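One structure below.
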Amino acid sequence: MTDQPLVLGIETSCDETGIGIVRGRTLLSNTIASSMDEHARYGGVVPEVAARAHLEEMQPAIERALAEAQVRLEDLDAVAVTSGPGLAGALMVGIGAAKGLAVSLGKPLYAVNHLVGHIAADILTPDSVPLEYPTIALLVSGGHTSLLHVRDLTTDVELLGETVDDAAGEAFDKVARILGLPYPGGPEIDRAAVGGDPAAIRFPRGLSRASDLEKHRYDFSFSGLKTAVARWIEREQAAGSEIPVADVAASFREAVVDVLVTKALAACADRGVPRLLLGGGVIANRRLREVALARAAEVGATVRIPPLSLCTDNGAMIAGLAAELIASGRQPSTLAFGADSTLPVTEIQVAEDRASAEDAPVRAGLEVG
Amino acid sequence: MDTSLGSAVGLIGRDGRTLADVSQTGRLGHAEAIGSLLEQVLAAAPSPESDDEPDPDPLTHVAAGMGPGPFTGLRIGIAAARAFALGRGVPVIAVPSHHAAALEVIETDAPAEPFAILTDARRRETAVTVYEGIDVDGIPHAVVDTVLVPQADVDRKLGALRRIEVTAISGAAVARIARRAVAAGRTLTGSEPLYLRPPDARVPSAPKKVGP
Ligand SMILES: [Zn+2]
């Protein structure tokens with residue numbers, strides 16, 4: 001194909017219907033239709049509500065993206081879609097649409113990994129120096145909390161650790177509810193924490209004791225933290241004290257941020273990789289960015305943070321990852337793949353058509369130029 | 001295209017003749033199946049002599065079965081139909097899936113009496129639509145719109161009415177219904193799938209006490 005392929009990416013792993021269009025590493029459109037408002041009254045993402053919204057938003061979002069990118073469907077070199085991980089019913093809407101579109105146009109289809117897509121978001125950033133490998137990547141959202149060792153975006157991503165219970169974003173949502181704040185919890189906790197003392201209450205840091213670190217050095221746990229916050233509030237209420245909401249919010253947030261940054265930088269040190277890439281919607285949290293930047297600077301590690309519009313779930317990162325796969329000579333996926341809600345991060349592309357790869361007279365990578 | 005039960009894709013010509021009608025039964029695997037089924041069916045479409053020539057007989061409409069059916073699978077076919085249509089720049093015609101099942105019954109044995117199309121709606125419920133013949137446009141006439149009936153009540157509710165339990169929908173039959181609707185300038189159902197149930201979600205009450 002080409003080293004500057006025009007790719008449309010479809011992302012429906014959670015509550016954002018994301019359609020992205022890229023030409024190689026150039027971002028042409030990052031169109032997102034979110035069903036977040038519809039989930040607000042339920043206090044969290046409801047898979048069936050998300051899947052219904054994806055179906056309704058899909059066609060208008062594709063049309064908006066094409067208009068913004070000023071390209072026609074016929075011009076596309078490939079279609080890309082998230083195969084997993086994510087909510088199965090939501091993923092399947094995107095997969096159905098991607099297959100319908102690819103077959104309709106007679107274009108190759110690339111089924112890719114959502115988490116690796118978050119890493120690819122970084123290469124779509126204009127004027128920044130190219131992402132240096134290897135890098136440690138910390139991906140934090142309402143759906144996942146993962147620590148990765150990325151040696152190569154298209155061939156070698158290792159999962160170091162992930163959450164064993166709630167995702168960090170979920171913890172924000174749940175603690176916001178405990179504090180009587182609306183969904184989504186991240187920005188609400190941030191607002192409530194203004195003026196609060198992050199050191200007022202020492203909430204537990206999950207999986208951070210020496211005994212936990214042996215087995216779960218890079219894993220996260222936020223469910224105990226949420227319970228600790230609830231218990232602390234109940235004790236104060238039982239004692240007739242006024243709840244210092246700003247202090248609780250700031251101290252809770254500090255506990256989350258501390259664990260995330262400590263474990264990420266531990267991975268950087270252990271692996272001898274002084275580079276940390278942040279991704280996922282929770283990166284919108286200013287305190288997380290501040291602490292990560294400050295503590296990384298102390299140990300001489302660089303931190304990369306893509307623009308927030310590329311940190312939250314989006315189709316551009318999916319298109320961007322597929323564009324890299326194409327440029328590196330990878331064959332399209334067969335049409336037989338489905339949704340894999342627990343797709344491991346090592347599977348960067350799903351169902352690559354290896355038969356046609358063997359038939360190819362020259363590895364496509366050699367033709368690039 | 002219809003994924004309200006199994007996965008089905010059909011193709012009919014301008015004259016209504018079936019050119020292809022393929023399916024994969026079973027409720028699982030709609031997402032896996034739909035692309036290959038589409039490809040198989042397109043292989044039966046009239047195609048230009050060479051890549052440089054325009055298509056002599058391009059596809060003009062895409063018909064989507066809108067259910068009822070288990071939601072997760074149902075949406076896959078509708079999403080695929082819409083995206084496929086977008087790729088070809090043609091409209092999507094929404095078709096109630098039971099209409100297609102009823103049309104096949106009418107075409108094969110032209111029942112004189114009303115009959116009910118029944119499909120499994122999960123959660124011990126059955127989706128039921130009662131039909132009687134076809135209307136002036138050739139479209140099965142639903143005398144009772146689709147409702148969900150608890151399986152335990154089906155006998156009592158339907159009484160002596162003839163029941164036809166359907167486990168597969170034909171893509172070509174969905175296309176034939178759409179062709180008749182287009183000819184008559186009619187809209188058979190809205191753009192929302194025939195969910196018949198609200199999303200399964202509870203609005204949370206006040207925060208739960210976390211006991212010591
Ligand atoms: Zn994500």
Side-chain angles (χ1 to χ4, degrees), chain A residues 10 12 38-39 41-44 46-52 54-56 58-59 62-63 66 73-74 76 79 83 88-107 109 174 177-180 226-231 233-235 238 334-339, chain B residues 1 3 7 9 24 28-43 47 51 59 62 64 66 70-90 92 190-193 195 197-212:
Chain A
I10 298 177
T12 61
E38 294 172 53
H39 302 282
R41 66 199 198 96
Y42 302 109
V46 179
E48 176 63 20
V49 171
R52 289 185 181 197
H54 286 312
L55 182 63
E56 293 320 305
M58 182 61 63
Q59 189 176 337
I62 294 175
E63 285 170 341
L66 291 167
L73 284 171
E74 308 88 276
L76 295 176
V79 176
S83 171
L91 288 165
M92 286 179 201
V93 176
I95 292 171
K99 289 185 177 180
L101 191 61
V103 174
S104 175
L105 298 169
K107 306 286 184 185
L109 178 60
K174 288 177 175 175
R177 251 192 85 206
I178 292 169
L179 290 171
K226 167 203 70 191
T227 308
V229 173
R231 289 225 171 104
I233 290 176
E234 274 175 30
R235 267 200 309 276
T334 69
L335 286 172
F337 68 91
Chain B
M1 256 175 265
T3 53
S7 304
V9 184
Q24 184 165 308
L28 293 176
H30 296 99
E32 287 84 348
I34 195 73
S36 310
L37 291 175
L38 261 172
E39 248 187 357
Q40 278 177 50
V41 161
L42 285 184
S47 61
D51 282 352
L59 211 81
V62 174
M66 303 300 283
F71 312 154
T72 304
L74 174 61
R75 275 188 288 262
I76 295 164
I78 299 171
R82 287 179 181 169
F84 185 90
L86 189 65
R88 295 292 172 104
V90 299
V92 178
S191 66
E192 169 127 311
Y195 284 126
R197 269 191 205 119
D200 191 15
R202 233 166 20 88
V203 175
S205 47
K208 282 194 297 277
K209 282 259 170 193
V210 191

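A, B, ... follow the sequence lines: proteins, then strands. Residue 1 opens every chain. Note that the coordinates shown come from a computational prediction; the quantities given were computed from them, not determined experimentally. All values below come from the heavy atoms of this structure, side chains included, with hydrogens, waters and symmetry mates left out.
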- Message: For A:Leu335 versus B:Ser36, what's the shortest heavy-atom pair and its separation?
- Response: CB-OG, 3.8 Å

- Query: With side chains defined as the heavy atoms from C-beta onward, is the minimum distance between A:Lys99 and B:Leu38 less than 4.5 Å?
  - Reply: no

- Side-chain (B:Arg88) to main-chain (A:Ser104) donor-acceptor, under 3.5 angstrom: yes

- Most contacts with chain B, counted as non-hydrogen pairs under 4.5 angstrom, among A:Ala51, A:Gly89, A:Ala98: A:Ala51

- Minimal non-hydrogen separation, A:Gly338 against B:Ala31, with atom names: CA-CB, 4.4 Å

- Using a cut-off of under 4.5 Å for heavy-atom pairs, which of A:Arg52, A:Met92, A:Gln59, A:Met58 has the most such pairs with chain B? A:Arg52

- Closest non-hydrogen atoms of A:Val103 and B:Gly35, given as atom of the first, atom of the second and distance, are CG2-O, 3.9 Å

- Task: Any chance you could measure B:Ile76, atom CD1, to A:Leu91, atom CG, to the nearest 0.5 Å?
- Result: 10.5 Å

- Message: Contact between A:Glu48 and B:Pro198 at the side-chain level, heavy atoms closer than 4.5 Å - yes or no?
- Response: no

- Query: How far does CG of A:Leu55 sit from OH of B:Tyr195, to the nearest 0.5 angstrom?
  - Reply: 5.0 Å

- Note on the structure: Tightest non-hydrogen contact, residues A:Leu73 and B:Leu86, listed as CD1-O, 3.6 Å

- Message: Is A:Val93 in contact with chain B via its backbone, its side chain, both, or neither, using a 4.5 Å heavy-atom distance?
- Response: both

- Message: Distance check, rounded to the nearest 0.5 Å: A:Ile95 atom CD1 versus B:Arg75 atom CZ?
- Response: 13.0 Å

- Note on the structure: Whatever's closer than 4.5 Å to a heavy atom in chain A on B:Thr3 counts as neither

- Query: Checking heavy atoms, do the side chain of B:Ile78, its backbone, both or neither come under 4.5 Å from chain A?
  - Reply: both

